[in-house]
Number of protein chains: 2
Amino acid sequence: MARTAGSDGQRTEAAIRDAAVNLIARHGYEAVTMRQLAAEVGVQAAALYRYFPTKEDLLYDLMIAHMEALIASWESARPIRGGCSARLMAFVANHIRFHVERRHSTHVNNMELRSLSHERLSAILKLRNRYEKELRTILREGAEDGSFLIEDSAMTAMAIIQMITGVIVWFRPDERLSVDEVTETYLAMTMRLVGAARHSEKTHVLERA
Amino acid sequence: MARTAGSDGQRTEAAIRDAAVNLIARHGYEAVTMRQLAAEVGVQAAALYRYFPTKEDLLYDLMIAHMEALIASWESARPIRGGCSARLMAFVANHIRFHVERRHSTHVNNMELRSLSHERLSAILKLRNRYEKELRTILREGAEDGSFLIEDSAMTAMAIIQMITGVIVWFRPDERLSVDEVTETYLAMTMRLVGAARHSEKTHVLERA
DNA sequence: TCATTAATAAAACAAGCGTTCATTTAATTC
DNA sequence: GAATTAAATGAACGCTTGTTTTATTAATGA
């Protein structure tokens with residue numbers, strides 16, 4: 001056999017991406033074989049090479065897509081006006097929502113950096129830095145205008161990011177806890193962590209979610 | 001050739017563990033080959049099998065050792081007396097110190113769980129749960145006696161653990177920042193995060209470090 | 001209808017994988 | 001000094017890996 005009836009390149013490529021994210025998140029990039037991936041898609045291994053020149057190209061593609069989606073997500077969620085507290089809450093809420101929705105993709109991006117070549121690693125880290133800079137800026141400006149009481153904005157940014165990304169490690173939706181409830185608690189913890197003055201605007205962030 | 005002059009089983013085994021932790025932390029368990037590991041030790045691949053029946057046995061050994069060392073470390077650092085704030089600070093300080101000292105080992109334990117068999121994974125998670133329970137207990141008791149103001153002690157425990165373990169992701173010793181300085185800041189962030197009443201005993205924890 | 005292009009199968013490739021085996025040498029014991 | 005044990009070698013095994021090549025079929029446009 002060769003080309004199968006009803007086959008469509010775009011659909012196949014999307015199916016490859018999808019299966020790859022799931023398999024790599026579960027077993028790790030090195031552990032997933034091209035044959036295993038092909039079987040999951042329902043295709044022969046050689047067919048994968050029409051869409052991705054190498055296995056690493058596929059990984060890199062997934063990672064770039066994840067980072068660009070993350071940045072785009074924040075750019076559309078970022079509040080036009082509002083104080084530093086409101087901006088911080090918007091950042092945290094958007095970050096948690098995004099990562100819970102893309103648990104597998106996040107795992108790939110966090111665990112498989114070492115499988116990238118030097119230049120590609122740099123490209124991913126550059127995007128990551130661009131994103132994290134948003135949080136650092138919020139924290140620095142909040143510290144300057146007295147909204148927050150923090151020791152070091154760079155360190156605080158790392159602490160917050162690790163804390164809120166960590167949600168995906170233990171949280172599974174469809175349990176007795178909803179994403180909104182978890183977000184609410186993490187928002188409260190974050191605001192205390194940065195020494196924010198009492199905030200009555202707590203629920204504003206989640207209203208549109 | 002065969003047995004080499006001055007060869008010693010105990011030393012070789014220790015060298016294997018050491019090289020394995022470093023290689024696996026850097027490249028990942030699946031990516032590290034037995035030949036690569038053997039070369040790092042300065043021995044032939046077959047020699048590794050005198051000490052570890054399979055590659056997975058080696059990984060499991062490293063992980064169990066890490067978890068047992070972590071638990072032992074807390075058991076000897078845990079304060080005999082003192083309120084919940086003091087206990088929480090001792091926990092955080094010990095956790096950060098331990099993990100910074102064993103960055104590679106920590107990475108292996110956090111990243112390679114998926115390469116273990118079901119039973120072995122359970123064994124590791126059991127130890128991990130035993131350790132995390134210590135923090136949950138401190139938080140729960142602190143919430144009950146009014147030392148802390150938290151929403152959910154289990155959730156707060158996860159948030160804190162992810163935050164303080166995350167230090168190893170960005171922190172490199174021998175820079176402009178010492179472990180003690182980082183610990184000090186993380187202690188302050190943690191105490192605010194749990195809504196602890198003002199604590200004047202801040203430096204007590206680090207005095208013996 | 002017929003050439004063209006897109007999508008896939010099938011088979012092969014060389015390289016590398018974890019692991020085993022028989023053997024050899026160094027250290028230890030009697 | 002001979003016998004025994006500990007430590008390691010070197011070659012091989014069967015299998016799998018990522019990838020390439022070649023051939024074949026389905027969809028597309030003139």
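What you see is a predicted model, and the numbers here were worked out from it, not measured in a lab. Below, chain A is the first sequence line, B the second, and so on; all start at residue 1.
Separating the CD atom of A:Q44 from the C1' atom of D:dT24 is a distance of 14 Å, rounded to the nearest angstrom. Nucleotide D:dG18 holds its P atom 11 Å from the CG atom of A:L58, rounded to whole Å. Look at CZ on A:F52: it is 13 Å from P on D:dT19, rounded to the nearest Å. Here D:dA8 presents its C1' atom at 15 Å from CD of B:E13, a figure rounded to the nearest Å. Taking atom CZ on A:R50 and atom C1' on C:dT8, their separation rounds to 8 Å, with Å as the unit. Rounded to whole angstrom, the span from the CD atom of B:Q10 across to the C1' atom of D:dA7 amounts to 13 Å. In this entry the distance linking OH of B:Y49 with P of C:dC17 reads 11 Å, nearest Å.
Residue pairs meeting the ring-ring contact (aromatic ring centres under 6.0 Å, His included) criterion with at least one member in residues 18-41 of chain A, sequence neighbours excluded, do not occur. Applying the salt bridge (Lys or Arg N to Asp or Glu O under 4.0 Å) rule to pairs touching residues 34-46 of chain B yields nothing, sequence neighbours excluded.
Checked against ring pair (Phe, Tyr, Trp, His ring centres under 6.0 Å), A:Y131 has the following partners two or more places apart in sequence or in another chain: A:F91, A:H95. Partners of B:L177 by side chain to side chain contact (heavy atoms under 4.5 Å, CB included), not counting sequence neighbours, listed by chain and number: A:M155, B:W170, B:F171, B:E181, B:V182. In this structure, the salt bridge (charged side-chain N to carboxylate O under 4.0 Å, His left out) partners of B:E112, at least two apart in sequence or on a different chain, are A:R114. Listed by chain and residue number, nothing satisfies the salt bridge (charged side-chain N to carboxylate O under 4.0 Å, His left out) test with A:R26 (two or more places apart in sequence, or in another chain). Applying the side chain to side chain contact (heavy atoms under 4.5 Å, CB included) test to A:T54 and every residue at least two apart in sequence or in another chain returns A:E56, A:D57. Partners of B:E68 under the salt bridge (charged side-chain N to carboxylate O under 4.0 Å, His left out) rule, at least two apart in sequence or in another chain, do not exist in this structure. Considering only residues two or more places apart in sequence or on other chains, B:V43 meets the side chain to side chain contact (heavy atoms under 4.5 Å, CB included) condition with B:A38, B:V41, B:A47, B:L48.
Proximity of B:R17 to B:F52: side-chain heavy atoms (C-beta onward) are separated by under 4.5 Å at one or more points.
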Report summary line: With both pairing distances under 3.5 angstrom for Watson-Crick or G-U wobble, and | for a partner in another strand, the correct string for DNA chain D is ||||||||||||||||||||||||||||||
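Of the candidates C:dT8, D:dA7, C:dA9, D:dA7 carries the atom nearest the B:Y51 side chain, counting heavy atoms from C-beta on. Set against D:dA8, C:dA9, C:dT19, the side chain of B:V43 has D:dA8 as its closest nucleotide.
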Heteroatom pairs (N/O) under 3.5 angstrom, protein to nucleotides 11-17 of chain D:
from: D:dA12; atom 1: N6; to: B:R35; atom 2: NH2; distance (Å): 3.3

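Residue B:T12 places at least one side-chain N or O closer than 4.0 Å to OP1 or OP2 of D:dA8.
Between A:R87 and A:E134, none of the side-chain N atoms (NZ, or NE/NH1/NH2) sits under 4.0 Å from a carboxylate O, so this pair counts as no salt bridge.
Within residues 17-27 of chain A, no residue is approached by DNA chain C to less than 4.0 Å at the level of any non-hydrogen atom.
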